[in-house]
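Right, one structure below, let's go through it.
We number each residue from 1, following the sequence as shown. Predicted, not measured: the structure shown is a model, and the values here were computed from it. We count ligands from 1, going down the list as the structure has it; atoms in each ligand are counted the same way.
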Amino acid sequence: MSNEFDRYADTYDQLLDGSIPDALRENAYFAEYKVALMARRLRMASIKSILDFGCGLGRSLFFMHQYFPDAELYGFDLSPLSLDLAKRKMPQVTLTTKWSEISSIKYDCIFAANVFHHIPKEERKLAMVNCHNLLAQDGHFFLFEHNPFNPITRRIFERCPFDQDAEMLFKSEVEALANLAELMVVDSAYTLFFPKQMAFLRGFEPALRRLPIGAQYYVELAKA
Ligand SMILES: C[S@@+](CC[C@H](N)C(=O)[O-])C[C@H]1O[C@@H](n2cnc3c(N)ncnc32)[C@H](O)[C@@H]1O
């Protein structure tokens with residue numbers, strides 16, 4: 001049976017680009033931004049293994065390889081075709097659609113970017129519990145999501161073909177889900193306030209982090 005994202009694997013980047021206004025097309029910039037943010041947060045931690053949960057085409061894994069050169073990288077996704085494409089770019093990464101192939105490891109870090117809004121509402125708690133179970137006792141779980149409060153994010157979301165069946169989550173919903181899965185919130189903030197052309201303003205982001213107008217947000221979680 002073909003996976004929903006298999007339909008889009010070949011054209012994922014073009015479809016995403018087509019949904020985003022010209023001035024904001026910068027998929028790689030967004031992917032690196034998130035990995036760099038995670039690397040800053042983890043600069044004191046010893047990270048030997050990272051799982052990219054819902055890794056898609058491996059865009060974040062590409063940057064994780066640069067920012068965490070000593071870490072063993074793993075990617076899990078339900079779309080075999082996306083993983084085939086990711087494997088071409090990242091042959092050194094363990095990529096799988098089979099939970100059994102990643103579930104015997106406890107990860108120092110789990111990263112999930114724009115995955116939970118694709119998981120049906122009734123399955124999100126289980127997905128969060130599964131991530132909890134894969135996390136090392138002192139591990140770090142970074143979850144990035146679209147910010148439904150941001151009108152430009154909403155517009156892109158509504159135009160994006162592979163978001164048709166998806167449903168965005170508010171930051172408070174992620175925090176409530178985490179709580180149900182016995183994960184505690186270590187930090188959370190709104191992010192991506194400025195497009196690439198205005199990257200010189202990024203120094204202001206820490207001061208804006210509580211304002212619910214960033215294009216996305218992150219929640220950093222740990223075992224309670
Ligand atoms: C919008 S894409 C994001 C891909 C990648 N994280 C990124 O930032 O480029 C969402 C991905 O989540 C995957 N996905 C959806 N539901 C999932 C689930 N329950 N478990 C793992 N991956 C899932 C999809 O197959 C798709 O590749």
(request) Please check if any side-chain donor atom of D163 sits under 3.5 Å from a side-chain acceptor atom of H118, or the reverse. (result) yes
(message) Can you check which of V115, N130, D163 brings a heavy atom nearest to atom 14 (N) of ligand 1?
(response) V115
(message) Quick check on contacts: which atoms of ligand 1 are under 4.0 angstrom from a heavy atom of C55?
(response) 5 (C)
(request) Using a strict cut-off of 4.0 Å, indicate which atoms of ligand 1 neighbour a heavy atom of I119. (result) 16 (N), 19 (N)
(request) Considering the heavy atoms of R59, write down every atom of ligand 1 situated less than 4.0 Å from one of them. (result) 7 (C), 8 (O), 9 (O)
(message) Please compare L78, L83, D52 and report which has the shortest non-hydrogen distance to atom 17 (C) of ligand 1.
(response) L78
(message) I need the atoms of ligand 1 closer than 4.0 Å to a non-hydrogen atom of H118, numbered in the order shown.
(response) 1 (C), 10 (C), 15 (C)
(request) Measure the shortest side-chain to side-chain distance between H65 and L73 over non-hydrogen atoms and say whether it is less than 4.5 angstrom. (result) yes
(request) Pull out every atom of ligand 1 sitting under 4.0 Å from any heavy atom of F76, numbered as shown with elements. (result) 20 (N), 21 (C)
(message) Going by the closest heavy atom to atom 8 (O) of ligand 1, which one wins out of G58, A31, S79, A113?
(response) A113
(request) Starting at CD1 of I105, measure out to CG of L135 and round the result to the nearest 0.5 Å. (result) 13.5 Å
(message) Would you call the rings of F157 and H117 parallel, tilted or perpendicular, taking 30° and 60° as the class edges?
(response) perpendicular
(message) Hydrophobic clusters here meaning ILVMFWY residues chained together by side-chain heavy-atom distances under 4.5 Å, can you tell me if V186 and F111 are in one?
(response) no
(request) Salt-bridge test for R209 and E205: reply yes if a basic N is under 4.0 Å from a carboxylate O, no otherwise. (result) no
(request) Would you mind reporting whether V93 and D52 have side-chain heavy atoms less than 4.5 Å apart? (result) no
(message) Is there a polar contact, in the sense of an N or O pair closer than 3.5 Å, between F5 and ligand 1?
(response) no
